[in-house]
Peer 1: 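My questions all concern the structure below.
Proteins get letters first, then strands, A, B, ... in listed order; numbering begins at 1 in each. Since the model is a prediction, treat every value here as computed from it, not as a measurement.
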There are 2 protein chains.
Amino acid sequence: MPATIRDIKKQTGLSLATISKYLNGGNVLPENKVKIEAAIKDLHYEVNEIARGLVTNKTRTVGILVYSIESPFSGLILTHVGTALRKHGYGMLIADSCNDEEIEAANVKYLISKKVDGIIVIPVASKGDFLLPAKNAGIPIVLLDRSLTDAQYDCVRIDNRKSANYAMKELLNKNHKKIAVIASEKEYTGRERYNGFMDAMRDAGLDVPKEYQVRGTHSIASGYNGMKQLLALKDKPTAVFMSNYEITLGAMLAINELGYKSPDDISLVGFDDQIIFHILKPQVYMIEQPLQEMGEKAVDMLMKRVTDGSLDNPVEIALATRMVQGNSIKEM
Amino acid sequence: MPATIRDIKKQTGLSLATISKYLNGGNVLPENKVKIEAAIKDLHYEVNEIARGLVTNKTRTVGILVYSIESPFSGLILTHVGTALRKHGYGMLIADSCNDEEIEAANVKYLISKKVDGIIVIPVASKGDFLLPAKNAGIPIVLLDRSLTDAQYDCVRIDNRKSANYAMKELLNKNHKKIAVIASEKEYTGRERYNGFMDAMRDAGLDVPKEYQVRGTHSIASGYNGMKQLLALKDKPTAVFMSNYEITLGAMLAINELGYKSPDDISLVGFDDQIIFHILKPQVYMIEQPLQEMGEKAVDMLMKRVTDGSLDNPVEIALATRMVQGNSIKEM
DNA sequence: TAATGATAACGAAACGTTTCGCAAGGAACG
DNA sequence: CGTTCCTTGCGAAACGTTTCGTTATCATTA
């Protein structure tokens, strides 16, 4: 039903090769150019990208493997990935891993069968096995936000460990000694931030008793339960470091529900600034990630591999973060 | 480089047609089945969906045209759309309109060139012109969450007007008379909810002075400025109805900043329940949308057109909503 | 046993592009 | 005028599938 290049051929009398050349920006006699353009308009011709893809073996589509599209962080960063890709003329085929490693692995195969030109991954798994099929198929891969423990790929993320360490300064400078942490254990970012927390405490010569170390998942529930647990201790911490957005939300929910007040009863420092935290009382000290820069850099790295066919060794970029001041820390 | 059906042919000695038949679930002699399966494993063969798409003229991909992937609402509903599509063996090619009608129109053409089998749209524009190219190309379209003023397509949404009207009962039953509204004017949902608000006020025999009607955009800024405006009035309203998530956030930001307290100083009812509102104090009365049902219904409708080739007249489905109780309303 | 029918395999064409190698035409030059 | 070079156009093959119309095989039935 839709017009093909053959219809253009019929109307203009030119050969397929010439028309194709025009479509791809090649040089064509002015008179022929006019003819072709007229025919395209007449017939409402549009290139069939599928047919083109079959012969060029390029789809101008990038697969996005996202740990959970439901999470607000995803949307915040994907919008920048999307705009950057559009600038290059690429689209996003998004596969939602739903925080499930099995779905994630299946999605990789799906993206391969769709012949995406490259894949940007915010992974669920911490090991890289699931990416092997794509790697073997020669599809360039860039990790975003989260790295992997056992595999080398291009990666754009923040320096989680250092950022967490740095954030702790705010608490330490205000003389807190009994500081607890609630961090996700399964996710790369949670582990790194936990490590940064422990680094800071060690450097400050402070002990962190086991009951002050709450390791959970990347979820509101985890923050909620974790904070309740901490507040139920006989010897409560005076401050808590929380490793991400969801945990911070959950923790504040628990604080509110139990009738505690921050910073009077407990001081707080969190991760992942989001507009919402400017509304909550108190405004929590927060590490903010450079989302736009992360999205753009990831696309840049991928495009380099995809279009330049670059085969350089994988590079891991760790961007700096910024501390958003709040009023959730009490001077001790 | 990757194995093709021809390599399978070479290894098994069978014809292309037979192998294709097997791949598509046709009947094949047991011995041949074994051979083919062995070859597939040996050669790591995977169907090239591009080639398949060229001849079947189907891509098993659905285009998602989303007003702004940055908005938390998007992710919340897209996760359900995604899972429903996966069950049917379809993937999502997501195009972010960035709240910009021009980008939206360009994205439609992009999705057409990608030969998506259908399109699910949460539109930016309120008129349907931008969808015409897709309609003319015979691509089935389903609107989600927002309808259009001048075009008929399948549509799954909530009954915004009725829901808003219903929500107002909470305020009216508690004897509020001076009730203001902050609603987005550009978006379908905002207009409908505004209408529902006005319906309720008219039915209650209450007047709504112009300065109590704040019409803005679907944004935090709009809620923030709107609420500031209302709180600056000499004759303040005792209650405010807010038409969506972003506006509610902004409004609460203003309230907090100015040192007002809800519900003591001002009562609130909002739209779009999100986990965050369970943390804010007070917990705002909220209309909750059945996101999963919406996503699934939209996919069902689309699949009916795509796979059954149904040509029935477009249907608009309006789902019921639920009121989430809070403590943001003062008894007058 | 011959005729019928069911099942499975096959060869070839088709889908709509791009691209390769070559030919034709004209301009520039000695 | 003959050679060379450059530009533009052309025909045909290729990409990896599916599908159509036909043939081959074999069991069933009269």
Peer 1: Reading DNA chain C in the 5' to 3' direction, which nucleotide is the first one with an atom under 4.0 Å from a heavy atom of chain B, and which is the last?
Peer 2: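 Range of nucleotides within reach of chain B: C/dA8 to C/dG16.
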Peer 1: With distance as the sole test, does A/Y110 use its side chain to make a donor-acceptor pair with the main-chain N or O of B/G91 at under 3.5 Å?
Peer 2: yes
Peer 1: For side-chain contact (heavy atoms from CB on, under 4.5 Å), just list the numbers for B/I141 and B/D154, CA-CA rounded to whole Å, side-chain angles, deciding distance to a tenth of an Å, and then say yes or no.
Peer 2: CA-CA 7 Å; B/I141 296 170; B/D154 283 337; over 6 Å; no
Peer 1: Considering only heavy atoms, which members of residues 37-62 of chain A lie under 4.0 Å from some atom of DNA chain D?
Peer 2: A/L54, A/V55
Peer 1: Taking for each residue the nucleotide of DNA chain C with the nearest heavy atom, is it B/K9 or A/R6 whose nucleotide lies nearer the 5' end?
Peer 2: B/K9
Peer 1: CG/A/L85 to CG/A/L302 distance, rounded to the nearest 0.5 angstrom?
Peer 2: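 These two atoms lie 7.5 Å from each other.
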Peer 1: Under a 3.5 Å threshold, yes or no: a donor from one side chain and an acceptor from the other, between B/Y188 and B/R157?
Peer 2: yes
Peer 1: Just jot down the side-chain hydrogen bond (donor to acceptor under 3.5 Å, both in side chains) partners of B/Y153, sequence neighbours excluded, or say none.
Peer 2: none
Peer 1: For residues A/K114 and A/T61, is any side-chain donor paired with an opposing acceptor at under 3.5 Å?
Peer 2: no
Peer 1: Apply side-chain hydrogen bond (donor to acceptor under 3.5 Å, both in side chains) to A/N48 and list each qualifying residue two or more places apart in sequence or on a separate chain.
Peer 2: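 Once residues adjacent in sequence are excluded, A/N48 has no partner under the side-chain hydrogen bond (donor to acceptor under 3.5 Å, both in side chains) criterion.
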Peer 1: For DNA chain C, determine which residues of residues 106-119 of chain A have any heavy atom closer than 4.0 angstrom to one of its atoms, and list them numerically.
Peer 2: none
Peer 1: In whole Å, what is the span from the CG atom of A/N24 to the P atom of D/dT8?
Peer 2: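 Going from CG in A/N24 over to P in D/dT8 covers 16 Å.
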Peer 1: Without swapping roles, check the side chain of A/E104 against the backbone of A/V124 for a donor-acceptor pair under 3.5 Å.
Peer 2: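 Side chain of A/E104 to backbone of A/V124, a donor-acceptor pair under 3.5 Å: yes, one is there.
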Peer 1: Which of residues 12-22 of chain B sit near DNA chain C, with a heavy atom under 4.0 Å from it?
Peer 2: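 When residues 12-22 of chain B is checked for heavy atoms under 4.0 Å from DNA chain C, the hits, listed by number, are B/G13, B/L14, B/S15, B/A17, B/T18, B/K21.
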